[in-house]
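Okay, structure first, notes after.
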Amino acid sequence: MAISPAMRSRLSRSAPALGGAPLGNLFQAIPEDVAIALVRYAYVAGARYFDTAPHYGLGLSERRMGAALGDVPRDSFLLSTKVGRLLTPASDAPSSQYGYVDVPPFVQHYDYTGSGALRSIEDSLRRMGLSRIDFVFVHDVDAATHGQDFARHFAQMLDGALPALARLKSEGTIGGYGLGVNDVEICRATLRHADLDVILLAGRYTLADQSALPELLPECSKRDVAIVLGGPFNSGILASGSRPSDGGVPYFNYAPAYAPMIAHVRTIESVCAQFKVPLKAAALQFPLAHPAVACVLPGARSRSEFDDNAAMARIPIPQEFWQALRTLALVNPLAPLPARVAEGRR
């Protein structure tokens, strides 16, 4: 299985892409008009791939994404969202949930059945007011998320959500489907039982964490599974650096970074300083050297962040910089090193 060559080409040429988690008020609120204007700005600036999810602000990101993109030609952009969580109205729902603040009054529950996946897609289309979704990812179906309930949810997905999404693809309703996770092992476990078209893998093939490299990425290349690499900054440290300018602590994987990771990034920063390469530029360009990676998907909460991501993705980086990282064992010796990244992949 695979997405069509045309769709993969569109993914590879979609940069700057826009991840929608910040649009759901992740960690801090974004005014409605500012969020919608940001998506419209990104589209005008050339973004042609947008990702969102019901989980991002309990529907807030999807609603804002749809409001921004509703009046542009639907065939001019790619859109993905996720299934696995259903939202139910609840007047007593907390205004802050799962790191999202000032969210609508909904509660969520997990549902990886076929009927749950179909209902989730219907709900998403209704929230966005759009005619279709191009890629659908099964969201967070991993042991870290579900603990003792993992086996039950995993079986539900294999027997329910994935076959339902396969039918939608065969009918031409969606262009492809897969997982949206930040865990390598759940990807490998799923591929032992099912075919996938695309995986949105967050944070597992970056300058800070290359745990997807030894086994998952070669298998994806062999089976023509496209990787959309989310979380290229590992939730902070590869953007802020080891010493954030605001004086706060650097974050890695949504938590304060541990000392060895801070030391690792600090050493990368020393190489960046030697070659006058911004850390963010290296973080955005490194994953694209692997043939399994079709697209890098950073989020943004402002026009300046979006513009900065776009600029960093295009900064020329000398080959000697990447070789220096390899010589100092700062990247896996098996990791392909970027040459001059082709303009079409940025």
Side-chain angles (χ1 to χ4, degrees), residues 17 19-28 51-53 55-57 61 82 84-85 96-101 110 137-147 150 178-190 199-217 227-269 279-280 282-287 290 293 295-301 305 309 312 325 330-332 335:
L23 299 175
N25 290 350
L26 181 61
F27 303 134
Q28 66 185 71
D51 174 72
T52 184
H55 177 60
Y56 299 161
S61 174
K82 304 176 183 73
R85 290 176 170 94
S96 297
Q97 302 181 49
Y98 312 103
Y100 294 92
V101 302
Y110 297 108
F137 300 112
V138 181
H139 204 184
D140 290 341
V141 58
D142 55 77
T145 299
H146 298 295
F150 165 70
L179 302 182
V181 295
N182 58 14
D183 179 80
V184 169
E185 290 309 311
I186 188 59
C187 298
R188 297 185 62 227
T190 302
I199 295 173
L200 201 172
L201 182 66
R204 300 287 78 84
Y205 189 62
T206 71
L207 280 179
D209 181 339
Q210 290 134 51
S211 53
L213 178 64
E215 296 177 308
L216 178 60
L217 294 190
I227 296 289
V228 173
L229 197 286
F233 304 129
N234 284 112
S235 78
I237 194 166
L238 292 179
S240 70
S242 61
R243 299 181 181 89
S245 59
D246 63 3
V249 298
Y251 268 65
F252 175 79
N253 288 355
Y254 306 102
Y258 46 89
M261 180 56 65
I262 294 174
H264 175 75
V265 172
R266 191 166 293 155
T267 307
I268 293 174
E269 289 174 304
L279 177 63
K280 286 182 69 175
L284 288 169
Q285 295 184 35
F286 169 75
H290 198 286
V293 177
C295 177
V296 171
L297 182 69
R301 63 178 66 252
E305 283 190 9
N309 289 340
M312 292 294 165
L325 292 184
L330 295 171
V331 297
N332 190 303

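Residue numbers run from 1 in the order of the sequence given. None of these values were measured; they are calculated from a predicted model.
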Sidechain-backbone polar pair: [X] side chain, [Y] backbone, donor-acceptor under 3.5 Å:
X: Asn309; Y: Gly299; value: yes
X: Asn25; Y: Gly57; value: no
X: Ser96; Y: Val101; value: no
X: Asp142; Y: Thr145; value: yes
X: Ser61; Y: Gly20; value: yes
X: Gln210; Y: Tyr205; value: no

Any side-chain heavy atom of [X] sitting closer than 4.5 Å to one from [Y]?
X: Val228; Y: Ile199; result: no
X: Val141; Y: Leu179; result: yes
X: Thr206; Y: Phe286; result: no
X: Val293; Y: Leu201; result: no
X: His139; Y: Tyr110; result: no

Heavy-atom pair with the smallest gap, counting every atom of [X] and [Y]:
X: Pro287; Y: Leu229; answer: CB-CG, 4.0 Å
X: Asn234; Y: Ala208; answer: OD1-CB, 3.4 Å
X: Leu207; Y: Ala283; answer: CD1-N, 3.7 Å
X: Pro22; Y: Arg301; answer: CB-CB, 3.9 Å
X: Phe252; Y: Ala257; answer: CB-CB, 3.8 Å

Between [atom1] of [X] and [atom2] of [Y], what distance do you get to the nearest 0.5 Å?
X: His55; Y: Gln97; atom1: NE2; atom2: CD; value: 9.5 Å
X: Asp51; Y: Leu297; atom1: CG; atom2: CG; value: 5.5 Å
X: Thr267; Y: Ile262; atom1: OG1; atom2: CD1; value: 12.0 Å
X: Arg204; Y: Cys187; atom1: CZ; atom2: SG; value: 10.5 Å
X: Ile227; Y: Leu200; atom1: CD1; atom2: CG; value: 9.0 Å
X: Leu238; Y: Ile268; atom1: CG; atom2: CD1; value: 6.5 Å

Problem set entry | Residues Leu284, Phe233; criterion side-chain contact (heavy atoms from CB on, under 4.5 Å); working and verdict | CA-CA 8 Å; Leu284 288 169; Phe233 304 129; 3.7 Å; yes
Exercise. Would you call Glu269 and Arg266 a salt bridge, using N to O less than 4.0 angstrom?
Worked result: no
For this session: Before accepting this row, confirm whether a basic side-chain N of the pair Asp140/Lys82 lies closer than 4.0 Å to the acidic partner's carboxylate O.
Result: no
Exercise. So Leu330 and His264, side-chain contact (heavy atoms from CB on, under 4.5 Å) or not? Walk me through it.
Worked result: CA-CA 7 Å; Leu330 295 171; His264 175 75; 4.0 Å; yes
Exercise. Run the side-chain contact (heavy atoms from CB on, under 4.5 Å) check on Leu26 and Tyr98 step by step: do they pass?
Worked result: CA-CA 9 Å; Leu26 181 61; Tyr98 312 103; over 6 Å; no
For this session: Check whether the ring centres of Tyr100 and Phe27 lie less than 6.0 Å apart, and answer yes or no.
Result: no
For this session: Evaluate side-chain contact (heavy atoms from CB on, under 4.5 Å) for Thr190 paired with Ile186, printing each intermediate quantity in order.
Result: CA-CA 6 Å; Thr190 302; Ile186 188 59; 4.1 Å; yes
